[in-house]
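Because only heavy atoms are used, hydrogens play no part in the values below, and waters and symmetry mates are left out as well, while side chains stay in. To find a chain, count down the sequence lines: A is the first, B the second, and so on, and within it residues start at 1.
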Amino acid sequence: MKRDVRAARKRARVGGGQSRQDQIIIPDDQLTPDALAARYGLAPVGRRPALLPYIREIVRWLPFTVMLGTSRAASKNRNSYLGQIWSFLNPILNSLVYVLVFGLLLDVSRGVDNVIGFIVVGTFMYRSFNDVVQNGGRSIRRNQNLVKSLPFPRAVMPIAAAVSEAVMLLPELLVMLIIIKVSSAIPNMTPVIWDWTLILLIPAVILLYIFSLGVAFMVARVISFIPDLGNLLPFCLRLLMYTSGAIFPVSRYFSNETIQNILSYQPVAVMLDLVRQVTLSESTIPFTWSHWLWATGWAVSFFTIGLVIFWRAEARYGRE
Amino acid sequence: MSEKDPAQESTSRIPSVIVDDVHVKYKVIGSKGSKVQAHHKDSLLKKLVRRGAKITSAGSTEIHALRGVSFIAHDGEAIGILGTNGSGKSTLLRAIAGLQPVSHGSVYMRGRASLMGVGAALVKNLTGERNIMIGCLALGMSVSEVKEKFNDIVKFAELGDAVYLPMSTYSHGMAARLRFAISTAITPDVLIVDEALSTGDSAFKTKSRRRIDEIREAAGTVFVVSHSSATIKSMCSRAIWIDQGTVKMDGAVDEVVDAYRAFTRHSRAERRRRRRLRRKRRAALNGSGKVES
């Protein structure tokens with residue numbers, strides 16, 4: 001009943017809306033709320049902005065995003081004697097475990113020239129991907145308080161998680177390169193010779209992060225509405241690690257060419273091989289520009305699709 | 001063109017916030033409350049499922065926090081929000097600030113609202129200095145603005161050199177003062193004060209009251225939530241009483257506060273009466289006629 005009256009008023013206003021005189025006749029207290037809002041220039045609150053203004057908002061909030069990400073990274077290891085040294089020790093020890101078990105004990109290398117280099121690059125890079133997806137994916141849930149008290153675009157949370165991972169990246173990459181160089185000196189391993197392509201390590205890692213952030217956006221949306229799936233995430237990521245050739249060249253275990261191609265051109269495998277191309281001298285992973293096309297394609301499409309998926313639920317985060 | 005609109009005839013009544021038939025429902029995941037009561041007639045299977053859900057705390061409950069709230073706030077108004085715990089006050093304020101998704105209806109506003117809650121952005125084991133930066137950026141300030149206001153914030157929070165120590169070393173009062181100083185560093189169009197007045201010692205209280213008054217004068221519209229109806233009476237001209245997710249009363253502050261006080265007094269008396277009755281009945285069951293007055 002009340003609705004009908006409102007709708008009728010609205011229709012009357014819209015019908016004669018062009019003539020200014022008509023508007024003047026209707027006093028404020030008889031206008032529908034939305035018409036009243038329009039008259040005084042009030043904007044609706046809590047609605048999802050269009051995609052382009054949303055991206056502009058994200059850029060405007062970038063200083064906060066970076067500050068939040070770096071601050072969280074800086075506070076992470078405050079409660080241990082070794083402090084930030086743990087951010088190096090963690091990936092080193094992690095890769096050491098895989099080198100010991102898969103490289104030396106099980107020897108699953110299947111014709112890899114420098115097993116240590118292969119595994120170290122795989123585990124360091126996969127760890128970055130893994131952490132961005134895990135922390136970025138859970139960032140909305142984990143920071144409910146923040147999401148509920150401040151009105152920044154929600155995409156800030158996953159991006160801050162990625163920034164937080166990227167803070168220690170440069171020294172981590174240095175450690176990775178040092179391990180590779182040291183492994184060259186070990187008798188059984190083929191020595192690694194670097195050329196100018198080593199400089200491409202930086203863009204390769206940037207592509208990896210863009211791709212990871214895209215995945216994190218998708219995961220963040222899913223987990224913030226169905227938190228149960230957060231419990232499945234670690235298992236999915238571990239499965240992905242073994243099927244992406246992070247530790248052993250998984251595609252060489254299959255003779256079927258289609259399966260081989262799928263396994264070696266899926267996005268994570270492409271990203272890992274991209275880094276191996278420029279940091280190792282594996283005869284089976286030569287430097288090819290086509291791989292860069294693949295990597296760029298995957299990174300851009302995952303990031304775009306992820307951002308759109310995340311943006312579509314922008315007005316609904318923090319509902320619980 | 002819009003300046004020539006009929007608004008001219010009532011210049012003092014320019015709407016700044018319009019809340020139109022707002023409903024908020026949210027889901028609480030993972031807790032089937034005690035609301036679900038067992039029925040003797042239920043089948044064994046149903047009982048088992050309910051028991052199982054209770055033990056594993058699986059499932060979800062939907063809460064209908066706001067049930068059709070409508071009002072219009074105008075420029076220059078200070079509106080007190082009254083209501084018992086769980087009546088939907090905070091949900092309403094979050095909905096106004098655009099932080100609580102609305103399931104039906106809409107909220108319109110001019111400019112930006114600020115809910116004085118910057119605490120969640122701060123990182124405990126970093127210095128106060130760093131946290132001022134984080135907090136101010138979280139409120140949407142630019143880096144140069146923060147640098148400009150840094151000294152004011154430190155001075156207002158009475159931190160001194162402690163600003164270079166990690167926040168985890170701060171006393172309860174120091175941390176609260178810092179949060180307050182950061183939160184009030186900006187002047188929003190719509191200010192929402194949620195129980196933030198009870199910060200620190202009495203000297204700081206008067207200081208913070210003065211600060212809020214300043215902001216109130218600069219801001220277009222202010223909403224104040226407080227349990228103390230005296231606070232609301234002293235700060236606001238209008239009050240809205242929220243009860244069980246609906247507007248129970250909306251009008252001049254004195255009227256609403258008096259009605260609210262009468263209501264709470266009544267319901268407190270009612271609770272007391274019921275408790276006494278229960279005790280009496282229990283005593284009668286026990287056979288001994290000992291009844292406390």
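With a 4.5 angstrom heavy-atom cutoff, A/A37 touches chain B via backbone and side-chain atoms both. Contact annotation for B/I63: neither backbone nor side-chain heavy atoms come within less than 4.5 Å of a heavy atom of chain A. Looking at A/V147, only its backbone comes within 4.5 Å of chain B, counting heavy atoms on both sides. For chain A, the nearby part of B/A97 is the backbone; its heavy atoms alone come within less than 4.5 Å. B/V24 does not touch chain A: none of its heavy atoms, backbone or side chain, sits under 4.5 Å away. Looking at A/R154, the atoms closer than 4.5 Å to chain B (heavy atoms on both sides) all sit in the side chain, from C-beta outward. Using a 4.5 Å cut-off between heavy atoms, B/S16 contacts chain A through its backbone alone, with no side-chain atom that close.
Within the 4.5 Å cutoff, side-chain heavy atoms of B/S106 are placed close to those of A/R47.
Here the closest non-hydrogen pair linking B/L139 and A/L150 is CD2-CD2, 3.9 Å. For the pair B/P101 and A/Y317, the tightest heavy-atom approach, listed with the atom from each and the gap, is CG-O, 3.7 Å. Across every non-hydrogen atom of A/V45 and B/G98, the tightest pair is CG1-CA, 3.2 Å. Closest approach of A/M67 to B/R130, counting heavy atoms only: SD-NE, 3.5 Å.
Note: B/N125 CG to A/S75 OG = 4.5 Å, rounded to the nearest 0.5 Å. Put simply, CG on B/L122 and OG on A/S71 are 10.0 Å apart, with the number rounded to the nearest 0.5 Å. The distance from atom CD1 of B/I14 to atom CG of A/L42, rounded to the nearest 0.5 Å, is 10.0 Å.
The contact list for residues 140-148 of chain B toward chain A, using heavy atoms and a distance under 4.5 Å, reads B/G140, B/V143 by residue number.
Chain A forms the most heavy-atom pairs under 4.5 Å with one residue out of B/V123, B/I72, B/L137, and that residue is B/L137. Top candidate by heavy-atom pairs under 4.5 Å with chain A, chosen from B/C136, B/P166, B/A138, B/S168, is B/A138. Per-residue heavy-atom pair counts under 4.5 Å with chain A were compared for B/A120, B/A121, B/A95, and the maximum is reached by B/A120.
The local environment of CG in A/L170 is sparse, with at most 12 non-hydrogen atoms from other residues, nucleotides or ligands closer than 6.0 Å. Crowding of A/R48 atom CZ: a count of heavy atoms from other residues, nucleotides or ligands under 6.0 Å exceeding 12.
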